[in-house]
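Order of the sequence lines fixes the chain letters, A, B, ..., with proteins taken first and strands second; residue numbering starts at 1 for each chain.
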Amino acid sequence: MSHNPHYKQIWQTVCAIPAGKVASYGQIADLAGLPGRARLVGKSLGYIPSDMSVPWYRVLRSSGQLAFPKGSEQAMKQTGLLQDENVAVLSNRVKLASFQWQPTLEEMLWKLQQ
DNA sequence: TAAGTGACGATCG
DNA sequence: TCGATCGCCACTT
C-alpha cells in the first residue's frame with residue numbers, strides 16, 4: 001500500500017501547504033497529478049510514515065468541513081492544530097473563502113523541487 | 001473474480 | 001446548511 005508511488009507525491013503536495021492555509025482533498029489530488037482521485041488522497045493520509053512530518057490537518061473536504069465527525073478525538077486535535085495557526089474553525093468547519101490555499105506559480109515550482 | 005469499504009466530490013431536495 | 005444519493009477508484013477480503 002505504501003509502495004504506491006502516488007502516495008509520496010501526495011504527501012509532498014500536502015507539505016507545500018503554507019501554515020495558516022488549508023486545501024481540499026480534490027485540490028491536493030489535482031496538484032499531485034491525480035485529478036479526480038480525492039479518495040486516494042484520503043487513504044494516503046492514513047498511511048503517512050512516522051518519520052515524515054506531513055500537515056495532514058490542513059486538508060479538508062471541498063465544503064470546508066473537517067473529514068472527521070464533530071467531537072471525535074481526531075477532529076478535536078485537528079481543530080486545535082488549525083487554531084494554533086490562526087485558522088478559524090467554527091462548528092467543525094473552516095471558511096474556505098478566507099483560508100483556502102491558492103498556490104502561486106512560485107510555490108508550485110518550489111514544490112516540484114522537493 | 002466479485003463484492004465490500006472509504007479521512008471524497010458534485011448534485012439535489 | 002444538511003442529509004441522501006450516486007459516481008468514482010484503489011485496496012482488501
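No side-chain heavy atom of A:Trp56 sits less than 4.5 Å from a side-chain heavy atom of A:Trp11. Looking only at side-chain heavy atoms (C-beta outward), A:Val41 and A:Leu34 stay at 4.5 Å or farther from each other. Contact check for A:Tyr7 versus A:Ile48: no side-chain heavy atoms found under the 4.5 Å cut-off.
Here side chain to side chain donor-acceptor pair (under 3.5 Å) pairs that include residues 71-83 of chain A, with residues two or more places apart or in two chains, number zero. Residue pairs that meet the salt bridge (charged side-chain N to carboxylate O under 4.0 Å, His left out) test with at least one member in residues 54-63 of chain A, sequence neighbours left out, are A:Arg58-A:Glu85. Every pair tested for salt bridge (charged side-chain N to carboxylate O under 4.0 Å, His left out) that includes a residue from residues 35-57 of chain A fails, sequence neighbours excluded, so the list is empty. Residue pairs meeting the salt bridge (charged side-chain N to carboxylate O under 4.0 Å, His left out) criterion with at least one member in residues 9-25 of chain A: none, sequence neighbours excluded.
Only one option out of A:Val59, A:Leu60, A:Ile17 pairs with A:Val22 in a side-chain contact (heavy atoms from CB on, under 4.5 Å); it is A:Leu60.
Between A:Tyr25 atom OH and C:dA10 atom C1' the separation is 16 Å, expressed in whole Å. Rounded to whole Å, the distance from CD1 on A:Ile10 to P on B:dG6 is 19 Å. One can place CD of A:Gln27 at 10 Å from P of B:dG9, the figure rounded to the nearest angstrom. Atom C1' of nucleotide B:dC8 and atom CG of A:Leu66 are separated by 14 Å, given to the nearest angstrom. Atom-to-atom, CG of A:Leu81 to P of B:dA7 comes out at 19 Å; the value is rounded to the nearest Å. Put simply, NZ on A:Lys43 is 7 Å from P on B:dA7, counting in whole angstrom units.
Residue A:Tyr7 places at least one side-chain N or O closer than 4.0 Å to OP1 or OP2 of C:dC11.
Within residues 50-61 of chain A, the residues that have a heavy atom under 4.0 Å from DNA chain B are, in order of number, A:Trp56, A:Arg61. Within residues 90-98 of chain A, no residue has a heavy atom under 4.0 Å from DNA chain B. Near-neighbour residues of DNA chain B inside residues 34-42 of chain A, defined by a heavy atom below 4.0 Å, number-ordered: A:Ala38, A:Arg39, A:Gly42.
Taking OG of A:Ser91 as the reference point, atom NZ of A:Lys70 lies at 4.5 Å (rounded to 0.5 Å). For the atom pair CD of A:Gln102 and CG of A:Leu96, the computed distance is 10.0 Å after rounding to the nearest 0.5 Å.
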Kindly give the atom pairs (protein nitrogen or oxygen, nucleotide nitrogen or oxygen) under 3.5 Å for nucleotides 10-13 of chain B.
from: B:dA10; atom 1: OP2; to: A:Ser62; atom 2: OG; distance (Å): 3.4

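If you chain together hydrophobic residues whose side chains sit under 4.5 Å apart, A:Phe68 and A:Leu90 never meet in one group. A:Tyr47 and A:Ile10 fall within the same hydrophobic cluster, where Ile, Leu, Val, Met, Phe, Trp and Tyr residues are linked whenever their side-chain heavy atoms come under 4.5 Å apart, directly or through other members.
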Identify all side-chain donor-acceptor contacts of residues 24-32 of chain A below 3.5 Å with residues at least two apart in sequence or on another chain.
from: A:Ser24; atom 1: OG; to: A:Gln27; atom 2: N; distance (Å): 3.1
from: A:Gln27; atom 1: OE1; to: A:Ser24; atom 2: N; distance (Å): 3.3
from: A:Gln27; atom 1: OE1; to: A:Gln100; atom 2: NE2; distance (Å): 3.0
from: A:Gln27; atom 1: NE2; to: A:Trp101; atom 2: O; distance (Å): 2.8

